[in-house]
Peer 1: 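Take this structure first; my questions come after.
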Amino acid sequence: MTEFQEDMLFKNVSEEDIQILLEILEKESESANIWTKELRLLDPTTYKPDLIIELDDENLIIEFQSTEVNDKFSRRAHTYVAITDQKKENDKEVNIEVISTAENSKQISYRVNRLNTFRYNVMGFEKYDGEKIIKYVEEKLENNMKITSKDNIYLSLAPLMDKKKNNNISEKIKRVVDLLIELNKTNPPGNKLSFGITWLLVDKFVKDSELRNLLIDVLGEKMSAIYEYGERKEQKGIEKGRKEGIKEGMKEGIKEGIKEGKKEEKEEIIHKLYESGMTPEEISKRLKTDLEKIKK
């Protein structure tokens, strides 16, 4: 089995699952993409964000907090935004939102200097009850009921949804890990986004080093399996696309093949079609590809 690496955390997470996360965060965006480790590790010596999501009009940094924010954190958050803004690969603005187990939702205004104020939101998840969410999933599992992607993602965030602000987060994280492992047995390969979020929470909030290492090892093993499943599925799509595209030529298989295969396979398909006697114009029309790119 592939050894778990942190860049597996959010690779190939479905946009449908990200939309569920955005719903919980009360955000709307037609498109959404989670930055992978390569983009998240912008400056490891200074800044390692929990989560960054590229939305329609912004890059949203998500930070998980178990203590109240203060000026020290605000200075750090301001630095996070500045680093991300410098390193981003698009022209969208950068914002940060804090998910807190220690305080209710509010907006923070931090005076950077006489002329500039840095503002960001804290989300306290007041309307959610993490304990009820965990019990709900436990009951569904016990009664052999279908566990949806939405259930999985809500479950992964349940340790942060502490209405009483008791901060018994480590205990809840362990319960969530146990549930995710059970869910993975009955419904492989498991929900990648929920495993990724839970991995981050274990790494950040479980203070007992022995327990933290144990939970990370367990999650890492499962996420390696999920990663390998996704890689095999992707490779099957590539091979299927290549075979159908090359063999069928003008048939719908090309369209499916291009969709499921990787971009580099497209050039080979174009070459094969050209060798089979199709003109650049015909290939352009069939593959919906710019004619000038085909002529090159």
Side-chain angles (χ1 to χ4, degrees), residues 6-7 9-10 13 17-18 20-27 29 32-55 57-88 92-112 117-128 130 153-154 156-162 165 167 169-170 172-173 176 193-207 212 216 219:
E6 194 178 340
D7 60 0
L9 277 178
F10 300 111
V13 168
D17 284 349
I18 302 175
I20 295 172
L21 176 60
L22 293 181
E23 175 189 309
I24 299 171
L25 298 176
E26 300 177 1
K27 290 281 184 179
S29 180
N33 179 52
I34 295 180
W35 288 26
T36 56
K37 179 192 175 187
E38 290 85 353
L39 294 175
R40 286 173 54 242
L41 295 184
L42 301 171
D43 186 354
T45 59
T46 309
Y47 168 44
K48 181 182 174 184
D50 291 328
L51 199 60
I52 305 178
I53 309 176
E54 181 183 348
L55 305 178
D57 55 1
E58 66 175 330
N59 298 292
L60 182 64
I61 304 169
I62 305 294
E63 284 294 308
F64 302 125
Q65 276 283 111
S66 61
T67 57
E68 295 185 10
V69 299
N70 51 27
D71 284 353
K72 182 179 180 180
F73 175 84
S74 293
R75 285 193 294 273
R76 194 163 74 243
H78 184 253
T79 303
Y80 292 176
V81 170
I83 292 173
T84 307
D85 191 59
Q86 181 186 16
K87 302 290 186 179
K88 67 187 180 183
K92 301 173 184 178
E93 67 178 30
V94 178
N95 296 305
I96 188 169
E97 185 151 330
V98 177
I99 297 178
S100 175
T101 64
E103 51 192 331
N104 292 331
S105 300
K106 60 184 178 181
Q107 185 179 73
I108 302 295
S109 296
Y110 171 69
R111 191 82 174 270
V112 179
T117 300
F118 172 59
R119 293 181 175 85
Y120 62 94
N121 293 321
V122 173
M123 175 170 276
F125 283 146
E126 295 94 334
K127 69 178 184 179
Y128 297 108
I153 295 165
Y154 270 82
S156 66
L157 291 167
L160 302 170
M161 297 171 175
D162 187 356
K165 306 302 179 188
N167 268 339
I169 189 168
S170 291
K172 286 183 177 176
I173 289 173
V176 167
L193 179 56
S194 60
F195 268 91
I197 291 172
T198 304
W199 192 95
L200 286 176
L201 297 187
V202 169
D203 189 46
K204 188 162 189 175
F205 294 120
V206 177
K207 303 302 181 185
R212 183 177 65 251
I216 282 180
L219 284 171

Peer 1: Nearest 0.5 Å please: distance from the CD1 atom of Ile197 over to the CH2 atom of Trp199.
Peer 2: 13.5 Å
Peer 1: Do Val81 and Asn95 have side-chain heavy atoms sitting under 4.5 Å apart?
Peer 2: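 Sidechains of Asn95 and Val81: no contact.
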Peer 1: Which value, rounded to the nearest 0.5 Å, describes the distance between Glu103 atom CD and Glu126 atom CD?
Peer 2: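 Answer rounded to 0.5 Å: 10.0 Å.
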Peer 1: Nearest 0.5 Å, please: how far is CD1 in Ile61 from CD1 in Ile53?
Peer 2: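 Interatomic distance, Ile53 CD1 to Ile61 CD1, rounded to 0.5 Å: 11.0 Å.
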Peer 1: Measure the spacing between CE of Met161 and OG1 of Thr101 and express it to the nearest 0.5 Å.
Peer 2: 12.0 Å
Peer 1: The test is side-chain contact (heavy atoms from CB on, under 4.5 Å); show your working for Ile24 and Tyr128 and say whether it passes.
Peer 2: CA-CA 10 Å; Ile24 299 171; Tyr128 297 108; 4.3 Å; yes
Peer 1: At what distance, to the nearest 0.5 angstrom, does CG of Leu157 lie from CG of Leu201?
Peer 2: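 These two atoms lie 7.0 Å from each other.
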Peer 1: So, are Glu26 and Lys127 salt-bridged, with charged N and O less than 4.0 Å apart?
Peer 2: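 Salt bridge present between Glu26 and Lys127.
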Peer 1: Do the side chains of Phe205 and Lys172 get nearer than 4.5 Å, heavy atoms only?
Peer 2: no
Peer 1: Under the rule for salt bridge (Lys or Arg N to Asp or Glu O under 4.0 Å), what residues qualify as partners of Lys92, not counting sequence neighbours?
Peer 2: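 Once residues adjacent in sequence are excluded, the partners of Lys92 under the salt bridge (Lys or Arg N to Asp or Glu O under 4.0 Å) criterion are Glu54.
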Peer 1: Does the side chain of Phe64 reach to within under 4.5 Å of the side chain of Ile169, using non-hydrogen atoms?
Peer 2: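 No - every pair of side-chain heavy atoms lies 4.5 Å or more apart.
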Peer 1: Does the side chain of Leu193 come within less than 4.5 Å of Ile20's, by heavy atoms?
Peer 2: no
Peer 1: Report yes if some heavy atom in the side chain of Ile173 is under 4.5 Å from a heavy atom in the side chain of Val202; otherwise report no.
Peer 2: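 SC-SC contact between Ile173 and Val202 confirmed.
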Peer 1: Indicate yes or no: at least one non-hydrogen side-chain atom of Leu25 is less than 4.5 angstrom from one of Ile62.
Peer 2: yes
Peer 1: Could you state the interatomic distance from CD1 (Ile108) to OG1 (Thr117), rounded to the nearest 0.5 Å?
Peer 2: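 The distance works out to 12.5 Å.
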Peer 1: List for me each residue that meets salt bridge (Lys or Arg N to Asp or Glu O under 4.0 Å) alongside Lys27, sequence neighbours excluded, and say none if there are none.
Peer 2: Glu58, Glu97
Peer 1: Quick one: ring pair (Phe, Tyr, Trp, His ring centres under 6.0 Å) partners of Phe118, sequence neighbours excluded?
Peer 2: His78, Tyr120
Peer 1: Apply salt bridge (charged side-chain N to carboxylate O under 4.0 Å, His left out) to residues Lys106 and Glu68 and explain how you reach the verdict.
Peer 2: CA-CA 11 Å; Lys106 60 184 178 181; Glu68 295 185 10; 5.5 Å; no
Peer 1: Can you confirm whether Leu22 sits close enough to Leu55 that some side-chain heavy atom of one is under 4.5 Å from a side-chain heavy atom of the other?
Peer 2: yes
Peer 1: Would you check, one step at a time, whether the test side-chain contact (heavy atoms from CB on, under 4.5 Å) holds for Thr84 with Trp35?
Peer 2: CA-CA 11 Å; Thr84 307; Trp35 288 26; 3.8 Å; yes
